[in-house]
Amino acid sequence: MGIIVGWDYNADCTGIHFCLPSCIRSIPVMDQKMDVMDALKTSWEMTRGHGWPIFFIGLLAVPIFIAGLIVLFFGVIIAMMWISAAFAVIYHRCV
């Protein structure tokens, strides 16, 4: 049991480690007309040193999304707009 729990924790940490730098990968595609691989490289380089703010924005996005679900699904549209705007602000700060 401990081996499985330890593996799950390591898998989660690895997933977070690889998801955080690529969280703004779609914005350079739209903003700078990059292809996907260049956008991933750019996103990885741009987010270096900004890991904690990105992590906390991601944590804050979860209760905002849940609150949007509680407001009969119309709130999800507003919540997703807010979350997208928050990641756009992070992109703007990294540029």
Side-chain angles (χ1 to χ4, degrees):
M1 179 76 173
I3 295 171
I4 294 172
V5 171
W7 177 82
D8 188 40
Y9 174 74
N10 289 333
D12 290 344
C13 289
T14 304
I16 290 171
H17 176 74
F18 286 111
C19 287
L20 285 179
S22 64
C23 69
I24 60 170
R25 68 190 172 276
S26 61
I27 300 174
V29 171
M30 294 180 289
D31 185 38
Q32 300 174 5
K33 308 281 192 266
M34 293 184 174
D35 63 351
V36 176
M37 293 308 292
D38 289 337
L40 280 171
K41 290 177 190 174
T42 302
S43 175
W44 191 274
E45 292 167 0
M46 289 173 61
T47 56
R48 185 169 291 139
H50 300 283
W52 287 111
I54 294 170
F55 179 72
F56 289 125
I57 289 288
L59 282 180
L60 185 61
V62 173
I64 289 173
F65 187 79
I66 292 171
L69 285 174
I70 292 172
V71 187
L72 297 175
F73 295 105
F74 177 71
V76 171
I77 297 169
I78 296 170
M80 290 305 295
M81 289 182 347
W82 183 89
I83 293 167
S84 298
F87 281 111
V89 168
I90 289 173
Y91 172 77
H92 182 64
R93 286 187 181 180
C94 292
V95 171

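Please read all numbers here as calculations on a predicted model, not as lab measurements.
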Practice task
Determine whether Phe55 and Phe87 fall in the same hydrophobic cluster, where Ile, Leu, Val, Met, Phe, Trp and Tyr are linked whenever their side-chain heavy atoms lie under 4.5 Å apart.
Solution key: yes

Exercise for the section: Kindly work out whether a path of hydrophobic side-chain contacts (I/L/V/M/F/W/Y, heavy atoms less than 4.5 Å apart) joins Ile83 to Trp52. Expected result: yes

Exercise for the section: Please round to the nearest 0.5 Å and tell me the distance separating atom NE2 of His92 and atom CG of Asp31. Expected result: 10.5 Å

Handout entry: Shared hydrophobic cluster, Tyr91 / Leu40 (ILVMFWY, side-chain heavy atoms < 4.5 Å)
Key = no

Practice task
Find out if a path of hydrophobic residues (ILVMFWY) with successive side-chain heavy-atom gaps under 4.5 Å connects Val76 to Leu59.
Solution key: yes

Completion exercise
Output for pair (Ile64 CD1, Ile57 CD1), nearest 0.5 Å, gives 8.0 Å

Practice task
Tell me whether Leu69 is reachable from Leu60 by hopping between hydrophobic residues (I, L, V, M, F, W, Y) whose side-chain heavy atoms are closer than 4.5 Å.
Solution key: yes

Exercise for the section: For Trp44 and Thr47, work out which heavy atoms get closest and say how close. Expected result: O-OG1, 3.4 Å

Fill in the blank from the handout: To the nearest 0.5 Å, atom OG1 of Thr42 lies from atom CD of Gln32 at 6.5 Å

Practice task
May I ask you to decide if Met80's main-chain N or O and Ser84's side chain share a donor-acceptor pair within less than 3.5 Å?
Solution key: yes

Fill in the blank from the handout: Residues Pro53 and Ile90: closest non-hydrogen pair is O-CD1, 4.5 Å

